[in-house]
Amino acid sequence: MISQSLAANTTVIVWGGLLILVAGLALLTYFLKKRREDVWKSFARKHHCRYEMTEEGPRVSGNYSGHPFVLLIPPDSSDTGIMAVEEVRLVMTFDDLKLPSDIQIHSATGFVGELQRSLEAHRVSFEDDELFDQNLVVTSEDPQAAQRCLSPHCREVLLNLVKLHPEANLGIRSGEASIQIRSAISEKSQLENMLESLSQVVHSISTAS
């Protein structure tokens, strides 16, 4: 009887602990999401942007240095909710008459990047810029046009962004640049850094000779 009573008490304690843990995580997630919303609202006010709440989460749209941008939580984010850690994407569009229409540029670092580089078809190589080739992948069926458009200064700006945000996924195609980070993004400085970095990339591409 005593052993059964102890077992029952242990079960109650374990389940009670689990319930407290789940409730604590839920409460912490709520406060983190609320903080993120407040940070995004403050960010939107500073840049005179539109803030709205969508089914996926907060969304900010506006214009920075003459280029339209959208800050959002993409609907295809693989895992959302827990601890407010989600995929956050910043997309900036620009008028582009220089890049090949089929060009794709994305960050590719580490082992995964090495694998991507080996598998990519129509990969454009910059033999005089080994560091760039090690961190980014450029693809196009017109490699000469891609090489002309991506000047040394432009490649330097792209490489600096990858170094500044090593955890981020950078993606560029004709007329659009994006950076995506898996984070709660609860500090306005993070958003400011993302916006300024992406703006520099867009400017360098738009003004490349």
Side-chain angles (χ1 to χ4, degrees), residues 43 46-49 60-72 74 87-183 185 187-209:
F43 174 79
K46 176 181 177 180
H47 295 285
H48 307 288
C49 300
V60 176
S61 55
N63 193 289
Y64 185 76
S65 297
H67 302 294
F69 76 88
V70 178
L71 175 71
L72 72 161
E87 297 287 342
V88 176
R89 181 183 296 164
L90 177 65
V91 182
M92 184 172 287
T93 56
F94 57 98
D95 294 329
D96 174 45
L97 300 176
K98 300 175 181 178
L99 292 176
S101 59
D102 69 333
I103 195 168
Q104 297 281 343
I105 306 171
H106 60 87
S107 53
T109 59
F111 173 76
V112 174
E114 186 66 33
L115 186 62
Q116 288 177 329
R117 285 189 290 275
S118 65
L119 296 176
E120 285 285 6
H122 307 296
R123 177 173 171 246
V124 180
S125 178
F126 294 84
E127 296 180 356
D128 61 336
D129 198 339
E130 184 178 351
L131 194 57
F132 179 85
D133 274 350
Q134 290 175 349
N135 289 274
L136 292 106
V137 170
V138 180
T139 60
S140 174
E141 292 188 5
D142 190 347
Q144 293 182 339
Q147 290 168 340
R148 286 195 303 270
C149 293
L150 298 178
S151 64
H153 172 68
C154 183
R155 297 199 302 272
E156 181 181 2
V157 171
L158 286 166
L159 189 57
N160 285 340
L161 186 148
V162 173
K163 289 180 179 179
L164 184 62
H165 302 283
E167 78 286 6
N169 291 319
L170 169 67
I172 299 172
R173 59 183 181 180
S174 182
E176 180 182 288
S178 66
I179 182 171
Q180 185 162 320
I181 297 178
R182 187 174 182 273
S183 171
I185 303 291
E187 299 293 338
K188 192 165 67 172
S189 60
Q190 292 177 286
L191 299 180
E192 297 290 352
N193 288 337
M194 288 173 65
L195 184 62
E196 180 60 29
S197 297
L198 202 61
S199 175
Q200 290 178 9
V201 166
V202 167
H203 179 74
S204 69
I205 292 175
S206 301
T207 58
S209 58

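What you see below is based on every heavy atom in this structure, not just the backbone, and it leaves out hydrogens, waters and symmetry mates.
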_Closest non-hydrogen atom pair between Ser204 and Cys154, with its separation_ = OG-SG, 3.7 Å
*Please report the closest heavy-atom contact between Lys163 and Leu131, naming both atoms and the distance.*
NZ-CD2, 3.8 Å
*Between Gln200 and Leu161, is any pair of side-chain heavy atoms under 4.5 Å apart?*
no
*Give a yes or no on whether Glu167 atom CD has more than 12 heavy-atom contacts from other residues, nucleotides or ligands under 6.0 Å away.*
yes
*I would like to know whether Asp133 and Arg123 meet side chain to side chain contact (heavy atoms under 4.5 Å, CB included); could you show each step before the answer?*
CA-CA 10 Å; Asp133 274 350; Arg123 177 173 171 246; 3.8 Å; yes
*Drop me the distance from Ser140's OG to Arg173's CZ, to the nearest 0.5 angstrom.*
14.5 Å
_Trace of the side chain to side chain contact (heavy atoms under 4.5 Å, CB included) decision for Asp128 with Arg155_ = CA-CA 11 Å; Asp128 61 336; Arg155 297 199 302 272; 3.8 Å; yes
_Check against side chain to side chain donor-acceptor pair (under 3.5 Å), Ser206 and Asp95_ = CA-CA 8 Å; Ser206 301; Asp95 294 329; over 6 Å; no
_Euclidean distance, His165 NE2 relative to Ile179 CD1, rounded to 0.5 Å_ = 4.5 Å
*How far does CG of Leu136 sit from CG of Leu150, to the nearest 0.5 angstrom?*
9.5 Å
*Nearest-0.5 Å distance, CG of residue Leu72 to CD of residue Glu87*: 11.0 Å
*Flag side-chain contact, heavy atom, 4.5 Å: Phe94 against His203*: no
*Okay, side chain of Glu156, backbone of Ser151: is any donor-acceptor separation there less than 3.5 Å?*
no
*For the residue pair Glu141 and Pro100, establish whether any side-chain heavy-atom pair is separated by less than 4.5 Å.*
no
*Got a second to check how far Asp129's CG is from Leu158's CG, nearest 0.5 Å?*
10.0 Å
*Determine, stepwise, if the pair Leu170 / Ile105 fulfils side chain to side chain contact (heavy atoms under 4.5 Å, CB included).*
CA-CA 8 Å; Leu170 169 67; Ile105 306 171; 5.5 Å; no
*Shortest non-hydrogen contact from Ser174 to Leu99?*
OG-O, 4.1 Å
_Tell me the closest heavy-atom pair linking Phe132 and Val138, and the distance in Å._
CE2-CG2, 3.8 Å
_Any side-chain heavy-atom pair of His106 and Asn169 under 4.5 Å_ = no
*Side-chain heavy-atom pair Val91, Arg89 within 4.5 angstrom cut-off*: yes
_A side-chain contact here means heavy atoms from C-beta on lying under 4.5 Å apart; do His47 and Glu192 qualify?_
yes
_Side-chain heavy atoms of Leu191 within contact of Val60, under 4.5 Å_ = no
*Can you tell me how far the CG atom of Leu195 sits from the NE2 atom of His67, to the nearest 0.5 Å?*
11.0 Å
_Check: Ser199 and Phe69 side chains under 4.5 Å, non-hydrogen atoms_ = no
*Take Leu198 and Tyr64, measure what side chain to side chain contact (heavy atoms under 4.5 Å, CB included) needs, and give me the verdict at the end.*
CA-CA 10 Å; Leu198 202 61; Tyr64 185 76; over 6 Å; no
